[in-house]
There are 2 protein chains.
Amino acid sequence: MADDYTVSAAAELVGVSVRTLHHYDQIGLVRPGNRSNAGYRLYSDADLRRLHRVVFYRELGLELGEIAEILADRDVDHLGRQRELLVARISHYEAMLTVIDRELAARAAGIALTPRERREVFGQDFVAHAEQARREWGDSKEFVQRQQRTATYTQDDWQRLREELAAINGKLAEAVGDGTPATDIKAMDLAEELRLHTDRWFHDCDHDTHRGLAVHYKENRRSGRNYDDMAPGLSRYVHDAIVANAERHRSTVD
Amino acid sequence: MADDYTVSAAAELVGVSVRTLHHYDQIGLVRPGNRSNAGYRLYSDADLRRLHRVVFYRELGLELGEIAEILADRDVDHLGRQRELLVARISHYEAMLTVIDRELAARAAGIALTPRERREVFGQDFVAHAEQARREWGDSKEFVQRQQRTATYTQDDWQRLREELAAINGKLAEAVGDGTPATDIKAMDLAEELRLHTDRWFHDCDHDTHRGLAVHYKENRRSGRNYDDMAPGLSRYVHDAIVANAERHRSTVD
DNA sequence: GTGAACCCTGACGTCACGTCGGGGTCAAAT
DNA sequence: ATTTGACCCCGACGTGACGTCAGGGTTCAC
C-alpha cells in the first residue's frame, strides 16, 4: 500500500524510460505523489495507476494533451473506455486487412487497382479515429451502440455496408445535381433510405434521432464522407432532406 | 497511365497533407517522378503506389527511416508483409483487450490488481513490436509460422501459453539459484520443456532449430522476457542449457 | 570511505511534420 | 489583357514527445 517506487522502478514497471517520467512530471501529466528529502521522485500506487493509463492511451496514438483531458474527467469509466477504444482500433485494422486481402485476391486474378479505386475501397475517412468521433458524438447512447454493433462486423459486412451507403449517396448527389429541391418527395425518400441504413448498421434511429444527427451532415465533419467533395452543396442538401423527411413523418403520425 | 497528379491531388488521394509530401520529397522518401517546367511536383501512378505504402506503414507506427529500408528491399512482397503486420497488430490489441476484460471481471468480483500483477498480465514485453521482431528473426520460416499460428489464438490460449512459460521460467530461475550447472540433467530437462513449449505454441522446433534460437536467449533481447531480470545470469544459463540439451539429444541419436 | 549504481536539473538534439511569409503560376472571368 | 483566386514553390521557424549528454548530488554495500 504505502510502498513508493523510484523513477527507474516505476519506469520499468510500466515500460517507459526515465526521461519520459521526467517529461510527464514537467508537463504535469503524471506527478509523483511525493519526493524523498534528497529530492528523489517517489511514485505511489495511485501515481502508477495513472501512469499506466497514460501509457495505455498513448499506445493507441493519443496525444498527451488529449490524455490529460481524458484523465481530468473525474467519473469516467476508464476500463470501459479503453475497451471501446481497443475494439474500435481492432475493427479499424480488420477493415484494413479486408482491403489487403481484396487486393491480394485481385492480384491473384491479375487485376491491379488504380490509386483512386484503392482509396475508394480503403475508406480511410470512413473508419474514423475513435477519440475524435467520441468528441463529436459525446457519450451518447447511439455512439455506444454503434461501437458495440460494428465490433462484430466481418469484412463482408463492412463491404456490404459501404456499398449500400455509396449507392444512396450516389442517388443523393444525382438529385442535387438535377436541382431537385431537398423538400421534394424523392429527396425525402432518399433521406429515409439513409435513416434505415443507419438504423440497420449502426444504431436505432427513429425520425427524431435522425433529425438530431442531421446537423452532423451539414457540418460536413470527418465522421462520414466529405459530402461536399461528391457534389457542391450536398452536405447542406442532405441535412435539409433529413429534416424534411423527419417533418413529413411527424405530420403523418400526429 | 501517363496521368500525373499535383501535390494536393496526390495528398488528398492518400490522405496526407501537402507539407508531408514536401517533407517526404526533401528526405528522399517519396520523390515525384518529374516536375512541370514551372517546378511543380508531378506524381506518377508509381509514385502514388510508393506513397501509399509509406502511409500504410506509417499508420502502423513505423518510423520513416525504417519505412525507407523496407521499401528499399527490392523483391519483398509488400501486400503479404502488410498483412502480417496487420495480423500481428490485431493480435496485439486483442491481447490487450483480454487484459482489460480480465480486469473488468476482477473488478466485478471486487478484486483490484496491484501494479505488479497488472504488468504480469499485461505482458507488454511479450507481445513484441512486429517490425523489431522481424529484424531479429529475419524472414525465417519460424517467424512466419509463429505469426500464422499466434494470429488465431484466443485470449484463453494466450493466457495458458503465458502460464506454462512462466512455470518453466520459474523452475529455471530456481535452478540457477541453486547453483545447478547448465549441463546438469535437470537443467537440460528444463531446456527440453522450453523447446516443447516453443514447438507447441509457436513453430516447429527440433533440437537443431532450438540450438539456433539459443543465442536469442543469451543476448537477452526484448522478444521474450528479460531473463536477467528474473535471476542474474539466467539468460546465459538458459542458452547453455539449451545447447547442452541439443547436444545430449544428438549423441543419443547419432 | 569509496566505488557503483542511482538520482537531480538544465540544455541541446531529433523526428515528423505544422505554420507562416514572400513570391511565382495558371485557368477562368471580366 | 488583365485581374482574381486557387494552387505551387522554397525557406525558415515552431512544436510535441521525448533522446542524449553534462555536471553534480545521494545511497548503499563492501
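Letters A, B, ... mirror the listed sequences (proteins, then strands); counts begin at 1.
- The Tyr24(B) side chain lies nearest to dC17(C) when the options are dT25(C), dC17(C), dG19(D).
- Nearest to the side-chain atoms of Arg19(A) among the listed nucleotides dG24(C), dC8(C), dT20(D) stands dT20(D).
- Of the side-chain N and O atoms in Ser17(A), one or more sit less than 4.0 angstrom from OP1 or OP2 of dG19(D).
- Within the 4.0 Å cut-off from OP1 or OP2 of dC8(C), at least one side-chain nitrogen or oxygen of Arg41(A) is found.
- For the pair Glu59(B)/His92(A), a side-chain contact is recorded, criterion being any heavy-atom separation below 4.5 Å from C-beta on.
- For His23(A), taking side-chain heavy atoms from C-beta onward, the closest of the listed nucleotides dG25(D), dC18(D), dC8(C) is dC18(D).
- Rounded to whole Å, atom C1' of dC7(D) lies 14 Å from atom CG of Leu21(B).
- Out of dT25(C), dC17(C), dC8(C), the shortest distance to the side chain of Arg58(B) is found at dC17(C).
- With a 4.5 Å cut-off on side-chain heavy atoms, His78(B) and Leu71(B) count as touching.
- Closest approach to the Arg35(A) side chain among dT9(C), dC10(D), dT25(C) is made by dT9(C) (side chain taken as heavy atoms from C-beta onward).
- When each of Asn37(B) and Gly65(B) is assigned the nucleotide of DNA chain C with its nearest heavy atom, Gly65(B) is the one assigned upstream, toward the 5' end.
- Rounded to whole Å, atom C1' of dC8(D) lies 4 Å from atom OH of Tyr40(B).
- Distance Leu62(B) CG to dC17(C) P: 12 Å, rounded to the nearest Å.
- Looking at heavy-atom distances under 4.0 Å, Val18(B) makes no contact with the nucleic acid at all.
- One finds a side-chain N or O of Thr20(A) lying less than 4.0 angstrom from the OP1 or OP2 phosphate oxygen of dG19(D).
- Once rounded to the nearest 0.5 Å, the distance linking CG of Asp240(B) with OG1 of Thr183(B) reads 8.5 Å.
- Between His22(B) atom NE2 and Arg19(B) atom CZ the span is 8.0 Å, to the nearest 0.5 Å.
- Considering only side-chain N and O atoms, Thr6(B) lies under 4.0 angstrom from the phosphate OP1 or OP2 of dC8(D).
- Side-chain contact between Leu51(B) and Leu21(B): present, with at least one pair of heavy atoms (C-beta onward) separated by less than 4.5 Å.
- When the P atom of dC15(C) is taken as reference, atom CD1 of Ile67(B) falls 14 Å away, rounded to whole Å.
- Closest contact between the side chain of Leu64(A) and the listed nucleotides dC8(C), dA17(D), dT25(C) involves dA17(D).
- Going from atom OH of Tyr43(B) over to atom C1' of dC8(D) covers 12 Å, rounded to whole Å.
- For the pair Asp25(B) CG and dC8(D) P, the interatomic distance rounds to 14 Å; values are reported in whole Å.
- When the side-chain nitrogen and oxygen atoms of Ser8(A) are compared with OP1 and OP2 of dC7(C), one or more of them lie within a distance under 4.0 Å.
- When the side-chain nitrogen and oxygen atoms of His22(B) are compared with OP1 and OP2 of dC9(D), one or more of them lie within a distance under 4.0 Å.
- Atom-to-atom, OH of Tyr57(B) to P of dA16(C) comes out at 17 Å; the value is rounded to the nearest Å.
- To the nearest angstrom, P of dC7(D) lies 16 Å from CG of Leu42(B).
- We find the OH-CG distance between Tyr57(B) and Leu64(B) to be 14.0 Å, quoted to the nearest 0.5 Å.
- For the atom pair Asp47(A) CG and Tyr24(A) OH, the distance stands at 14.5 Å (nearest 0.5 Å).
- Between dT25(C) and Ser36(B), no contact under 4.0 Å exists linking OP1 or OP2 to a side-chain N or O.
- The pair Asp25(B)-Arg35(B) meets the salt-bridge criterion, since a charged nitrogen lies less than 4.0 angstrom from a carboxylate oxygen.
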Identify the pairs formed between an N or O of the protein and an N or O of nucleotides 1-4 of chain C at a distance under 3.5 Å, and give each distance.
none

